[in-house]
Amino acid sequence: MKHPVTPDRRYFVVKGKLWRLSDPDLEPREKARLVKELMDARRAVKAAKGVGDRDAELEAHRRVDEAKRRLGERGPVWWDDGAPDFNRHLVKNSPYADWYSKQRSDCSSKRRA
């Protein structure tokens, strides 16, 4: 079980924490462009940290945040059914707790087989 995705396809789970997926309604070319911007910004964060340039690091973090918001991974939710946002919440403290528990036990069973 690498990174399970919730049944409603809104989140994936890493180390027991929910992370919001990108808006599935983004056009593929637009999503690819935004992902490239995100990765460029993340590389800029690393480079700025490497040389100790705090101003450049802050600007790069701002670019990361902007790209993630445009992807729908932060900011207002992209779904319209009124469901609350559980981004960055522990899955065990969310409505997905039972689903995740079953995923983990299914994964453990497959490893033992």
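The basis for the numbers below is simple: all heavy atoms, side chains too, and nothing from hydrogens, waters or symmetry mates. Just so we're clear, the structure is a prediction, and the values are computed from it rather than from any experiment.
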Got a sec, which pairs hit ring pair (Phe, Tyr, Trp, His ring centres under 6.0 Å) with one end in residues 78-97, sequence neighbours left out?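 Every pair satisfying ring pair (Phe, Tyr, Trp, His ring centres under 6.0 Å) with a residue in residues 78-97: Y11-W79, Y11-Y96, F86-H89.
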Would you mind checking if [Y] and [X] are paired as a salt bridge, meaning a charged N to carboxylate O distance below 4.0 Å?
X	Y	result
D40	R43	yes
D65	R69	yes
R62	E59	yes

If you compare all heavy atoms of G16 against all heavy atoms of Y100, which two are closest, and at what distance to 0.1 Å? N-OH, 4.1 Å
Student check: side-chain heavy atoms of [X] and [Y] closer than 4.5 Å:
X	Y	result
V77	R20	yes
K36	M39	no
V13	L18	yes

Name every donor-acceptor pair, under 3.5 Å, that has one atom in a side chain of residues 24-31 and the other anywhere in the protein, sequence neighbours excluded.
{"residue": "E30", "atom": "OE1", "partner": "R33", "partner atom": "NE", "Å": "3.2"}
{"residue": "E30", "atom": "OE1", "partner": "R33", "partner atom": "NH2", "Å": "3.2"}
{"residue": "E30", "atom": "OE2", "partner": "R33", "partner atom": "NH2", "Å": "2.8"}

Can any side-chain N or O of S94 pair as donor or acceptor with the backbone N or O of V91 at less than 3.5 Å? yes
Name of the residue among N87, V5, D8 meeting side chain to side chain contact (heavy atoms under 4.5 Å, CB included) with L21: V5
Atom NZ of K15 and atom NE2 of H3: how far apart are they, to the nearest 0.5 Å?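 The NZ atom of K15 sits 9.5 Å away from the NE2 atom of H3.
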In the single-linkage hydrophobic clustering (I, L, V, M, F, W, Y; side-chain heavy atoms under 4.5 Å), do V64 and V35 co-cluster? yes
hydrophobic_cluster_shared for L38 and V45, side chain cutoff 4.5 Å: yes
Do other residues, nucleotides or ligands put more than 12 heavy atoms under 6.0 Å from the CG atom of D81?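 Check passes, neighbour count above 12.
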Side-chain polar contacts of residues 49-56 - donor-acceptor pairs under 3.5 angstrom, sequence neighbours left out - could you list them?
{"residue": "D53", "atom": "OD1", "partner": "D55", "partner atom": "N", "Å": "3.3"}
{"residue": "D53", "atom": "OD1", "partner": "A56", "partner atom": "N", "Å": "3.0"}
{"residue": "R54", "atom": "NH1", "partner": "E57", "partner atom": "OE2", "Å": "3.4"}

Sole residue of R70, R42, R63 in salt bridge (charged side-chain N to carboxylate O under 4.0 Å, His left out) with E37: R70
